[in-house]
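Keep in mind that the numbers below use all heavy atoms, side chains included, and drop hydrogens, waters and symmetry copies. Letters go in sequence order (proteins before strands), and every chain restarts at 1.
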Amino acid sequence: MTTRLQDTLTGETRPLDPLEPGHVRIYSCGPTVYGPAHIGNFRSFLFADVLVRYLRYRGLEVTWVMNVTDVDDKIIRGANEAGVSIGELADRWLERFRADARALRMTQPDVLPRATEHVDRMVTLIQALLEEGHAYRTEDGSIFFRIDSWPAYGRLARLDPDQLRVGERVEADEYGKGDVRDFALWKASKPGEPSWDTPIGTGRPGWHIECSAMSMAYLGESFDIHTGGVDLIFPHHEDEIAQSEAATGQPFVRTWLHCAHLRLGGAKMAKSTGNISSVVDLLDAGVSPRALRYALISVHYRQGLDYTPASLEAAAAAIDRLDTLVAALSAYSEARSDAPDLESELAAARSRFEAALDDDLNVSAALAAVFDLAREQNRRLAERSISTADAARALAMLRDLDRVLAILPDAADELPAQAAALLAAREAARTARDFAASDRLRDELAALGIGVEDTRDGQRWRRLEAVR
RNA sequence: GGCGACGUGGUGAAGUGGUUCAACACGGAGGUCUGCAAAACCUCUAUUCAGCGGUUCGAAUCCGCUCGUCGCCUCCA
């Protein structure tokens, strides 16, 4: 069974068939670094992360590129307001983005190219478009893509170009275009804006051309998968297809994957409407990053998802259930022979897990396989019907599946020295049957965020993940 | 106005013609275990899948209509 994915362009769910066998090339539209990322942004980044992790888990080589937009209207405005250069502003927010991504256990992309470092590539593309008659220059020196020159325009978004409601929301600074629907490839320099001196004039690149140039720079003129939020389908990705294929004559992307919106209060989470919840704010408020990750990835990527405090609490409880199992499997010790049927039980869980993810990344169903496995192992632990080695095998299986999900506690997590001392003291108190002291020490550990339980395997601890 | 997605229990959500098809998680009720606690396990928590009509031997799953929610057509993950 191979992994099947639903392509936005054709609507078909097809087996993944990389252009280069065994090597998948993926481009994800990344952040525009002018402010803090919100969790809706990260829903789409983490969806791509799970995809990358799963394909690697499956043994495929993956090259993952995520762009960073570091020049656009908002960055320019933000930099002017803050009295810094766009580079300084972008550096600041890119650093924050990296920190958020680390906290949420997003895989580091192989390349995080910045738009301002790839202007040459964009210029080359634009030159090709000008030569082929797909682009034209306006009086002020801006360059636009001529939509009429590309008959397939509108296919991705299933929009009829003639039906676009032009005139209602036309940007004031873009008159001079041959057709109001045409989009900017190059914006002529204006006072107070950064610009580049290039063979096509002095100015700065439009947004859409960035992604075409940077994806091709690292992945080639044709590559396997392009991801982003559904709100990028039109016009961003539609424009990318038009300009890329018009410039190269090659099919641009084989599979388009789009992540549905995260909603807050019933409406799409978006900076422009202000109903956002930033990752920084949540983490600063003490929200467990693993719970947040779980909440964001546990629903199928093409399904809308409502963000509520309750969803985060449910996620934290689910995570805690797995944490407890990991702690129990680690602490378990029983001198007896191996359970003969464990191996097949673990294998069955793995195959359910893989079948779910192969089916267009059905994370909910994959999690169901993990939680069923958890219940089975908890039962065996309670019955003491497995060996110490069996427990280690079950834990190894969970950890292996977690290469995709990345929600389990850190394997290298060590008890802080202070807590370790309290735990040792509690051990001594319990040996002396001094339960008053034992209970007091348990409270002290809880205050440090360490939960302690007494079991046949001795004291067992786990971190208590805060929700808020 | 055009295009599209969706509507499953107290909540989130999987399931897209039959065979444990109503998963899984959260929450709730009862029980077992336990110094206490916690955790875990067991049992229960949707004769029913927005409503109506149709196709079929058989539908949550296909078709039609109605109602409702959301999204795109503009920057946006």
For [N], take OP1 and OP2 only and decide whether either is under 4.0 Å from a side-chain N or O of [X].
| X | N | answer |
| --- | --- | --- |
| A:Asn378 | B:A40 | no |
| A:Lys268 | B:C72 | yes |
| A:Arg379 | B:C42 | yes |
| A:Arg375 | B:C24 | yes |
| A:Asn362 | B:C24 | no |

How are the rings of [X] and [Y] set relative to one another: parallel (under 30°), tilted (30 to 60°) or perpendicular (over 60°)?
| X | Y | result |
| --- | --- | --- |
| A:His237 | A:His226 | perpendicular |
| A:Phe45 | A:Phe42 | perpendicular |
| A:His236 | A:His208 | tilted |

Are any protein N/O atoms closer than 3.5 Å to N/O atoms in nucleotides 3-6 of chain B? If there are, list each pair with its distance.
residue: B:C3; atom: O2'; partner: A:Arg158; partner atom: O; Å: 3.4

Item to check | A:Ser333 side chain to A:Asp457 side chain, donor-acceptor N/O pair below 3.5 angstrom | outcome: no
Tell me which nucleotide among [options] gets nearest to the side chain of [X].
| X | options | result |
| --- | --- | --- |
| A:Ser272 | B:A13, B:C75, B:A77 | B:C75 |
| A:Asp454 | B:G35, B:A13, B:G71 | B:G35 |
| A:His261 | B:A77, B:C26, B:G12 | B:A77 |

Checklist entry - Using atom P of each nucleotide, how far apart are B:A60 and B:U16 to the nearest Å? => result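 Pairwise P distance, B:A60 against B:U16, rounds to 14 Å.
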Checklist entry - Expressed as a whole number of Å, how far does the P atom of B:C72 sit from that of B:C62? => result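 Approximately 26 Å lies between the P atom of B:C72 and that of B:C62.
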Checklist entry - Considering only heavy atoms and no angle criterion, is a donor-acceptor pair shorter than 3.5 Å present between the side chain of A:Arg321 and the base of B:A40? => result no
Next on the checklist: For a quick check, tell me whether the side chain of A:Asp231 and the base of B:G71 share a donor-acceptor pair closer than 3.5 Å.
Outcome noted: no
Item to check | Consecutive-pair stems (3 or more, Watson-Crick or G-U, under 3.5 Å) for RNA chain B | outcome: B:1-7 with B:67-73, B:10-12 with B:24-26, B:27-32 with B:40-45, B:50-54 with B:62-66
Next on the checklist: Under 4.0 Å, counting only non-hydrogen atoms across every strand here, what does A:Gly40 touch: a base, just sugar-phosphate, or nothing?
Outcome noted: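 The answer is base, as A:Gly40 lies within the cut-off (heavy atoms under 4.0 Å) of a base atom.
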